[in-house]
Amino acid sequence: MRKIQMVDLQQQYQQIKPEVEDALKQILDSCAFINGPAVKNFQENMEKYLKVKHVIPCANGTDAIQVSLMALGLNAGDEVITTTFTFIATAEVIALLGLTPVLVDVLPDTFNIDVRAIEQAITSKTKAIIPVHLFGQCANMEDVMTLAKKHNLHVIEDNCQAIGADYTFKDGIQQKAGTIGTMGCTSFFPSKNLGCYGDGGAVFTNDDQLAHQLRGIVNHGMFVRYYHDMVGVNSRLDSIQAAILDIKLKRLDKYAQKRQEAAAFYNKAFDDNEHITTPKTASFSNHVFHQYTLVLHRTEREKVISYMAEKQIPVMIYYPVPLHLQKAYADTRYRQGAFPVSEHLAANVISLPIHTELDEEQLNYITTNLLDAVKLAAK
Ligand SMILES: *Cc1c(COP(=O)(O)O)cnc(C)c1O
C-alpha cells in the first residue's frame with residue numbers, strides 16, 4: 001500500500017507531470033516571470049470557470065482578504081464580523097489594517113458561521129462580514145446577503161477552502177462559491193483544492209470599480225507607472241504558478257469528484273457509529289471536501305490520534321484553538337465559554353486524509369483503523 005498522506009501532492013503531480021514540465025519550459029524560455037501571458041490566460045480561464053466578471057490574481061489567500069478590505073476604504077475602528085472557527089488569516093488581516101475583528105460562533109452541523117449570531121453582533125460601526133466557506137462547503141450566503149443588504153454591509157467571502165463549490169439559492173439559481181458577495185477570496189497554497197507549487201491567491205468580483213481599485217492596490221497603488229494614487233501593496237501571482245494553476249483548473253471538477261468519493265466512503269463506514277458524527281452538507285451548497293472532519297463523542301481524542309499515528313495514518317485537528325482563545329487575539333470581550341459551539345468543535349474534531357489520490361485499499365485501511373481506535377478510546 002502507498003504511504004498515506006493528508007494530501008498526496010506527489011501522486012497528483014505524477015498524473016500531470018508532462019503537461020507541467022512543458023508549461024514550465026515555456027515560461028523559462030520566455031523569461032516572462034512576472035505579469036507574463038500565463039497570468040492573463042489563467043485569469044481569463046478562471047473568470048470563465050467561475051462565471052465572474054473579474055479575477056484579480058495576487059500573492060496568497062491572506063493578501064486576497066487584505067486587499068479586499070483595503071479596497072473597501074474602511075476606517076480604523078470599523079468593525080468586521082467573522083467566525084471564530086477558522087484559520088487565523090481571516091481575522092489577522094482585519095486586525096493588521098487597524099479594523100476591529102468581531103467574532104461570532106458557528107453552527108454545530110456544518111461548522112459554518114451562524115447568521116443569527118452575525119445579526120446579534122451588528123453595531124453602528126459594522127462595515128463588513130467575512131463568511132468563511134469552511135472545509136469545502138458554503139456558508140448560508142442567501143441569509144448573509146439578505147442581512148448585509150438590510151444593514152448596508154459589504155460581504156467578503158473567504159473562499160480559500162471551497163473553490164469550485166456551487167451555491168443554490170431558494171429560487172434555484174446557482175452561483176460558484178466566492179462570486180456571491182461583494183468580493184470573494186481564494187488561496188492557491190499547494191494543499192488547497194486548487195493549489196499551485198508555491199504561493200498564490202486571487203480576488204473575485206463582479207463590480208467593475210472594485211476590480212479596478214483592487215488591480216491598483218496589488219500593484220503599489222499604481223495605475224500609471226510610477227504614479228501612486230493610494231497606498232498599496234506588492235502582491236502578485238507569478239507566471240510559473242499561473243501556468244501550473246491553468247493545468248489544474250481544467251481538472252478541478254474531477255478533483256472535487258475524487259474528494260467526494262473518498263468522503264462518501266468514509267461516511268458509509270462511520271455513519272452508524274455512536275461515537276462519530278460525519279460531516280453534514282447544507283441543502284444550499286455542495287461540498288468539495290477541502291477537509292473531511294468528524295466530531296468525536298465520549299471519546300478520548302488524543303488516544304485516537306496516537307493509535308492512528310502508530311498505524312502510520314496522519315490525522316489533523318482543524319482547528320485546535322478558536323480565534324477568540326488565541327493569545328494574539330486575547331480580548332476582554334471574549335472569554336472561555338463565549339462561543340460554546342466552536343470550543344466544543346475545537347476540542348472534539350478530527351480531520352482524516354482527503355485528497356484526489358486515495359485508493360480503496362487506503363480508504364479501507366483508514367476506516368478500519370479509525371473504528372478500532374474509537375472503540376479503544378471510548379469513554
Ligand atoms: C489557507 C487559508 C487562508 C490563507 O491562504 P494563504 O494562501 O495561506 O495565505 C485564509 N483563510 C482560510 C480559511 C484558509 O484556509
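The chain is numbered in sequence order, starting from 1. As the structure lists them, so they are numbered: ligands from 1, and atoms in each ligand from 1.
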#### Entry: Closest heavy-atom pair and its distance - V288, R259
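So the minimum-distance heavy-atom pair works out to O-CD, 3.3 Å.
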### Query
Side chain of Y167, backbone of M141: donor and acceptor closer than 3.5 Å?
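Answer holds: yes.
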### Query
Can you check whether F289's main-chain N or O pairs, donor with acceptor, with H287's side chain at less than 3.5 Å?
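Confirmed, H287 side chain pairs with F289 backbone.
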Hey, are [Y] and [X] close enough side-chain-wise for a donor-acceptor pair under 3.5 Å?
X    : Y    : value
N159 : T186 : no
S285 : Q137 : no
T126 : H151 : no
Q291 : S351 : no

List ligand 1 atoms under 4.0 Å from [X], heavy atoms only on the residue side.
X    : value
A89  : 4 (C), 10 (C)
N60  : 7 (O), 9 (O)
Q161 : 13 (C), 14 (C), 15 (O)

Of all the non-hydrogen atoms in the protein, which one sits nearest to [atom], and at what distance?
atom                    : result
atom 8 (O) of ligand 1  : S187 OG, 4.1 Å
atom 11 (N) of ligand 1 : D158 OD2, 2.8 Å
atom 2 (C) of ligand 1  : K192 NZ, 2.6 Å

### Query
Nearest non-hydrogen atom to atom 3 (C) of ligand 1 belongs to which of G195, P190, C160?
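Among G195, P190, C160, the closest heavy atom to atom 3 (C) of ligand 1 belongs to C160.
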### Query
Looking only at heavy atoms of H290, does any of them come nearer than 4.0 Å to an atom of ligand 1?
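Not so, H290 does not reach ligand 1.
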### Query
Does the N or O separation between I65 and ligand 1 drop below 3.5 Å for any pair?
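N/O-N/O distance below 3.5 Å does not exist for this pair.
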### Task
Return a yes/no value for D199: is any of its N or O atoms, backbone included, closer than 3.5 angstrom to an N or O of ligand 1?
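No, since none of the N or O atoms of D199 sits under 3.5 Å from an N or O of ligand 1.
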### Centroid-centroid under 6.0 Å between F339 and H324 rings
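Ring centroids of F339 and H324 are less than 6.0 Å from each other.
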### Location of contacts on T62 toward ligand 1, heavy atoms closer than 4.0 Å
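Looking at T62 and ligand 1, atoms from backbone and side chain both fall under 4.0 Å.
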